[in-house]
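One structure is given here, and the rest of the page talks about it.
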Protein chains: 2
Amino acid sequence: MQNQSANKTIQSDGEQAILEAAEILFAQKGFDSVSMSAIAGLANTSKPNIYHHFKNKNDLYLAVMKTAVRRSSALLDAVEDAPGTFSQRLTGFSTGQLKNILGHKRSTQLILRETLTEDSQQGQEITRLVMGEVFSRLVEMVHQGQLDKEFRDDIDPTLAAFMIISANMFFFQASPIMQHIPEAEFIDDASTYSQGVMDVLINGMLRRGDS
Amino acid sequence: MQNQSANKTIQSDGEQAILEAAEILFAQKGFDSVSMSAIAGLANTSKPNIYHHFKNKNDLYLAVMKTAVRRSSALLDAVEDAPGTFSQRLTGFSTGQLKNILGHKRSTQLILRETLTEDSQQGQEITRLVMGEVFSRLVEMVHQGQLDKEFRDDIDPTLAAFMIISANMFFFQASPIMQHIPEAEFIDDASTYSQGVMDVLINGMLRRGDS
DNA sequence: ATACTTACCGACCGTTCGGTCAGTTCACAA
DNA sequence: TTGTGAACTGACCGAACGGTCGGTAAGTAT
């Protein structure tokens with residue numbers, strides 16, 4: 001038992017396999033619906049070996065969440081300081097976030113699932129952390145756009161940011177269901193969707209009399 | 001054993017208590033995290049009595065979902081054929097839906113939870129049903145607004161409808177987390193939120209040169 | 001009174017759960 | 001070669017799970 005209580009820095013091969021298997025299963029079915037035996041089976045190891053690396057089921061879950069968060073917030077920095085108008089930068093940020101979400105479906109599902117369970121104090125804190133990060137950057141960007149007289153002054157920047165995030169998150173969440181609703185073709189093309197959403201949103205935020 | 005397999009028409013007092021307890025717990029923790037004993041305890045009855053009314057745990061869950069859906073779609077008809085511009089009607093519809101969501105948090109949480117679990121074929125069908133209902137009406141309303149030359153022609157009505165729903169759903173879902181983010185004051189006032197969202201959205205959809 | 005049905009319950013069953021224990025394998029340092 | 005700690009495992013534990021059994025209490029129709 002080397003590094004426990006989710007203070008990971010270096011993982012062995014076996015530990016990595018356990019984390020991956022756990023992430024897959026936890027994202028698919030949720031905490032309680034996944035047994036340690038199932039994780040062990042998918043990771044091609046034994047149940048006691050999991051307890052050799054993690055002190056209990058909850059500790060394993062937290063470790064999975066932490067790696068998910070780390071991965072999610074890593075890809076965020078790239079799109080931040082692009083050039084162009086705030087409309088363009090905002091659109092870039094939004095499409096980037098959606099691409100990020102769809103590129104890490106398991107992590108997203110994991111985090112999104114936490115928003116629906118009242119208990120698990122720790123899980124909600126983690127969620128708040130990763131959500132708050134994206135949120136703050138978006139709010140700041142919108143606010144700068146207002147100071148630059150590009151966006152209307154009478155809209156709440158936090159609300160605008162929230163709308164962008166909600167459009168992306170709900171797109172991900174509702175995809176499997178919307179797939180079966182024939183009218184919604186946009187669900188199959190994330191970039192078209194992102195484009196359309198930001199078109200309406202930006203158009204609604206722009207000052208009148210600008211380009 | 002009288003009426004089983006979720007083909008309910010009339011419920012006795014005891015059965016109603018079981019359904020209510022089950023709805024509360026299922027919404028709070030999810031299917032697998034709730035034990036039949038816990039439901040029996042909350043309903044002030046015994047576990048075997050639950051099996052007298054429902055043939056198994058899954059049947060009970062489906063029964064709970066059905067009553068939730070019935071309640072959700074009932075409150076929908078009121079706001080449909082209001083007078084006014086399409087902008088006003090759309091705003092009314094949206095605020096009505098959000099009020100409906102917040103007035104039936106347990107049902108909403110139950111349905112929202114189904115969107116995150118891949119299995120449970122039946123549950124997803126139910127979700128698709130109740131979501132599709134709202135969705136269709138919204139799409140039709142936006143489309144009419146376009147034919148009336150009130151809204152831009154170059155936006156996808158299904159996408160606009162989706163954005164409205166996503167704003168409402170994600171508001172509900174993210175509330176407990178946004179509560180702890182100080183910048184987001186709008187989270188405490190649903191009607192202000194709804195107003196702000198629809199302001200941006202409608203503004204983004206309006207034809208230029210109209211009032 | 002009798003017979004039948006419905007609502008309900010204590011006790012119990014087989015199974016699976018999270019978690020433990022004693023012990024093995026193996027790499028590597030002394 | 002021996003020692004040591006980390007990686008790993010089969011067998012097992014008490015507890016809790018979903019579900020069943022036999023039976024009771026109460027209403028109701030005959």
Side-chain angles (χ1 to χ4, degrees), chain A residues 1-65 117 119-120 122-123, chain B residues 1-65 117 119-120 122-123:
Chain A
M1 187 192 295
Q2 196 172 19
N3 47 1
Q4 285 212 344
S5 78
N7 297 322
K8 304 274 126 84
T9 36
I10 270 186
Q11 304 117 339
S12 66
D13 287 0
E15 196 167 314
Q16 191 65 34
I18 293 172
L19 277 172
E20 262 172 47
E23 184 185 16
I24 292 174
L25 293 179
F26 281 145
Q28 252 174 30
K29 314 174 173 230
F31 184 82
D32 288 295
S33 310
V34 175
S35 72
M36 295 299 266
S37 315
I39 297 173
L42 187 59
N44 267 325
T45 181
S46 67
K47 195 171 57 165
N49 191 35
I50 298 183
Y51 283 92
H52 171 69
H53 290 283
F54 306 91
K55 72 170 189 275
N56 55 36
K57 191 182 182 182
N58 203 68
D59 183 59
L60 171 60
Y61 183 72
L62 282 183
V64 168
M65 284 285 287
T117 46
D119 21 312
S120 80
Q122 291 165 306
Chain B
M1 190 192 297
Q2 196 173 17
N3 45 1
Q4 284 212 349
S5 76
N7 297 321
K8 304 273 125 88
T9 36
I10 269 185
Q11 305 118 337
S12 66
D13 288 359
E15 197 167 314
Q16 190 65 34
I18 293 171
L19 278 171
E20 262 172 50
E23 185 185 16
I24 291 174
L25 294 179
F26 281 144
Q28 251 173 31
K29 311 169 173 242
F31 184 82
D32 287 294
S33 311
V34 175
S35 71
M36 295 299 263
S37 315
I39 297 173
L42 187 58
N44 266 325
T45 181
S46 67
K47 195 170 59 167
N49 190 35
I50 298 184
Y51 284 91
H52 170 71
H53 291 283
F54 306 91
K55 72 168 188 279
N56 54 37
K57 193 183 182 181
N58 203 69
D59 184 58
L60 171 59
Y61 182 71
L62 282 183
V64 168
M65 284 285 287
T117 47
D119 22 310
S120 80
Q122 291 166 306

Should B:His52 be listed as having a side-chain N or O under 4.0 Å from OP1 or OP2 of C:dC8?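 False: B:His52 side-chain N/O out of range (4.0 Å or more) of C:dC8 OP1/OP2.
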Open item on the list: OP1 or OP2 of D:dA7 versus the side-chain N and O atoms of A:Thr45: is any pair under 4.0 Å?
Closed with: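 No, A:Thr45 has no side-chain N/O under 4.0 Å of OP1/OP2 on D:dA7.
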Under a 4.0 Å heavy-atom criterion, the protein footprint on nucleotides 13-27 of chain D, written with B, S and -, is ----SBBBB------
Spacing of B:Leu19 atom CG and B:Ile50 atom CD1 [to the nearest 0.5 Å]: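 Here the rounded value is 10.0 Å.
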What pairs with B:Ser46 under side-chain hydrogen bond (donor to acceptor under 3.5 Å, both in side chains), at least two apart in sequence or on another chain?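 Per chain and number, B:Ser46 pairs via side-chain hydrogen bond (donor to acceptor under 3.5 Å, both in side chains) with no residue.
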By side-chain hydrogen bond (donor to acceptor under 3.5 Å, both in side chains), which residues pair with A:Asn58, not counting sequence neighbours?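 Partners of A:Asn58 by the side-chain hydrogen bond (donor to acceptor under 3.5 Å, both in side chains) criterion come out as none, since no residue qualifies.
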Expressed as a whole number of angstroms, how long is the span from [X]:[atom1] to [N]:[atom2]?
X: B:Asp13; N: C:dA7; atom1: CG; atom2: P; value: 11 Å
X: B:Ile50; N: C:dC9; atom1: CD1; atom2: C1'; value: 12 Å
X: A:Phe54; N: D:dA7; atom1: CZ; atom2: C1'; value: 13 Å
X: A:Asn49; N: C:dA22; atom1: CG; atom2: P; value: 18 Å

Locate the shortest heavy-atom distance separating A:Phe31 from A:Lys57; write the atom from each residue and the value.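 Closest pair (atom of A:Phe31, atom of A:Lys57, distance): O-NZ, 3.1 Å.
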Compare every heavy atom of A:Lys47 with every heavy atom of A:Ala40, then report the nearest pair and how far apart it is.
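For A:Ala40 and A:Lys47, the tightest heavy-atom pair comes out as CB-N, 3.6 Å.
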Discussion item. With the threshold set at under 4.0 Å for non-hydrogen atoms, list the residues of residues 21-30 of chain B touching DNA chain C in residue-number order.
Written reply: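 Heavy-atom cutoff 4.0 Å gives no residues at all.
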(message) Please enumerate all residues that pass side chain to side chain contact (heavy atoms under 4.5 Å, CB included) together with A:Ala22, with sequence neighbours excluded.
(response)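 Only A:Phe26, A:Ile39, A:Leu60, A:Val64 meet the side chain to side chain contact (heavy atoms under 4.5 Å, CB included) criterion with A:Ala22.
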Quick one: side chain to side chain contact (heavy atoms under 4.5 Å, CB included) partners of A:Glu20, sequence neighbours excluded?
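A:Glu20 satisfies side chain to side chain contact (heavy atoms under 4.5 Å, CB included) with A:Gln16 only.
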query = Below 4.5 Å, heavy atoms only, C-beta onward: do B:Ile18 and B:Phe54 meet side chain to side chain?
reply =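 When only atoms from C-beta onward are counted, B:Phe54 and B:Ile18 do touch, with a gap below 4.5 Å.
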